[in-house]
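Written below as structure tokens is the structure these notes are about.
In what follows, chains carry the letters A, B, and so on, assigned in the order in which the sequence lines appear, proteins first and then strands, with residues in each chain numbered from 1. Keep in mind it's a predicted model, so treat the numbers as computed, not measured.
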Amino acid sequence: MKIATYNVNGINARLPVLLQWLEQAKPAVVCLQELKAPQEKFPLEAIREAGYEAIWHGQKSWNGVAILTPHIPAEETRRGLAGDPDDSQSRYIEARVNGILIRCLYLPNGNPAPGPKFDYKLRWFERLKTHAAQLIKQNIPAVLAGDFNVIPTELDVYKPERWLEDALFRPETRQAYQQLLAQGWTDSLRKFHPQQPIYTFWDYFRNAYGRNAGLRIDHLLVSPALAGRLSEAAVDHQVRGWEKSSDHAPTWIRLADG
DNA sequence: ATGGCCATGAAGCATGGA
């Protein structure tokens with residue numbers, strides 16, 4: 001069972017690339033972030049023609065998340081991250097697929113830091129940790145998949161010294177991520193590739209992809225109940241080189257049958 | 001050290017992204 005996450009940076013602008021990748025990769029679950037489309041502008045018909053169904057939470061201009069599954073829509077269990085009823089940003093959707101809880105998330109960027117946007121990021125992170133801890137406690141098979149906007153370590157950025165003050169790499173951000181992992185979550189990419197630089201994002205400037213000047217910020221964390229089933233984890237980095245691509249690449253894991 | 005690019009919304013350019 002292949003579970004993927006992909007920050008599309010505009011689902012309508014990205015539709016040809018997304019459909020091409022779906023056809024090649026054939027994932028069983030896809031978490032999408034940054035739809036950048038209101039609820040009614042989600043391109044459901046095109047996605048259906050590609051053999052997928054979707055649940056999604058749109059928003060005008062920014063944010064927006066979705067979960068795609070072949071043939072049958074995922075069984076939605078929640079939309080909107082718990083812990084703040086005043087948070088109106090579409091950054092979280094959750095569903096149960098084949099007995100696995102899929103949490104699709106788009107953590108706030110947080111720049112400029114320090115400042116109110118960084119405060120929002122850290123608060124959002126706290127809510128996520130609280131919510132995630134409940135799954136660990138109950139030993140629920142779950143995957144946290146999405147754009148975390150976290151560079152976990154120096155291995156995950158082409159030039160760490162340039163990112164020290166950035167909201168993606170600041171100590172508070174890295175610490176929050178480590179605290180999340182300490183609950184028992186497995187960072188899937190690092191389980192299989194503990195030492196090599198791996199990136200999931202390359203900005204549009206200065207030929208960043210051509211120079212491999214990237215960041216690893218899209219993550220798939222699996223709960224202890226699933227860790228033993230992890231069989232593969234990778235980034236479809238070639239997609240970043242396609243015409244009209246997102247600045248992120250699809251990232252995925254494979255789970256053995258449970 | 002800086003700016004470079006891309007998408008959206010709206011009809012210029014401002015804003016957000018990371």
Which heavy atom in P70(A) sits nearest to a heavy atom in Y52(A), and how many Å separate them?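 For P70(A) versus Y52(A), the nearest heavy atoms are N-CD2, 3.6 Å.
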
Nearest-angstrom distance from the residue atom [atom1] of [X] to [atom2] of [N]:
{"X": "E243(A)", "N": "dA7(B)", "atom1": "CD", "atom2": "P", "value": "11 Å"}
{"X": "N12(A)", "N": "dA10(B)", "atom1": "CG", "atom2": "P", "value": "15 Å"}
{"X": "I11(A)", "N": "dG9(B)", "atom1": "CD1", "atom2": "P", "value": "14 Å"}

Any protein N or O atoms within reach of nucleotides 14-18 of chain B? Criterion: under 3.5 Å, listing atom names and distances.
residue: dA18(B); atom: OP1; partner: N7(A); partner atom: ND2; Å: 3.4
residue: dA18(B); atom: OP1; partner: E34(A); partner atom: OE1; Å: 2.9
residue: dA18(B); atom: OP1; partner: D147(A); partner atom: OD2; Å: 3.3
residue: dA18(B); atom: OP1; partner: H248(A); partner atom: NE2; Å: 3.4
residue: dA18(B); atom: OP2; partner: Y106(A); partner atom: OH; Å: 3.1
residue: dA18(B); atom: OP2; partner: N149(A); partner atom: OD1; Å: 3.4
residue: dA18(B); atom: OP2; partner: N149(A); partner atom: ND2; Å: 3.1
residue: dA18(B); atom: N9; partner: N109(A); partner atom: ND2; Å: 3.4
residue: dA18(B); atom: N7; partner: N109(A); partner atom: ND2; Å: 3.0

May I ask you to say what K41(A) touches in the nucleic acid, namely base, sugar-phosphate or nothing, with a heavy-atom cut-off under 4.0 Å?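 K41(A): no heavy atom of the nucleic acid under 4.0 Å.
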
Mind checking what makes side-chain contact (heavy atoms from CB on, under 4.5 Å) contact with A28(A), not counting sequence neighbours?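 A28(A) satisfies side-chain contact (heavy atoms from CB on, under 4.5 Å) with M1(A) only.
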
I'd like the [atom1] distance from [M] over to [N], given in whole Å.
{"N": "dA18(B)", "M": "dC13(B)", "atom1": "P", "answer": "26 Å"}
{"N": "dC6(B)", "M": "dA10(B)", "atom1": "P", "answer": "23 Å"}
{"N": "dG16(B)", "M": "dG4(B)", "atom1": "C1'", "answer": "16 Å"}

Single hit among F201(A), Y106(A), W252(A), W21(A) for ring-ring contact (aromatic ring centres under 6.0 Å, His included) with Y6(A):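 The residue from F201(A), Y106(A), W252(A), W21(A) that satisfies ring-ring contact (aromatic ring centres under 6.0 Å, His included) with Y6(A) turns out to be W21(A).
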
Check this one for me: any side-chain N or O of R14(A) less than 4.0 Å away from OP1 or OP2 of dA7(B)?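 Answer yes for this pair, as a side-chain N or O of R14(A) is under 4.0 Å from OP1 or OP2.
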
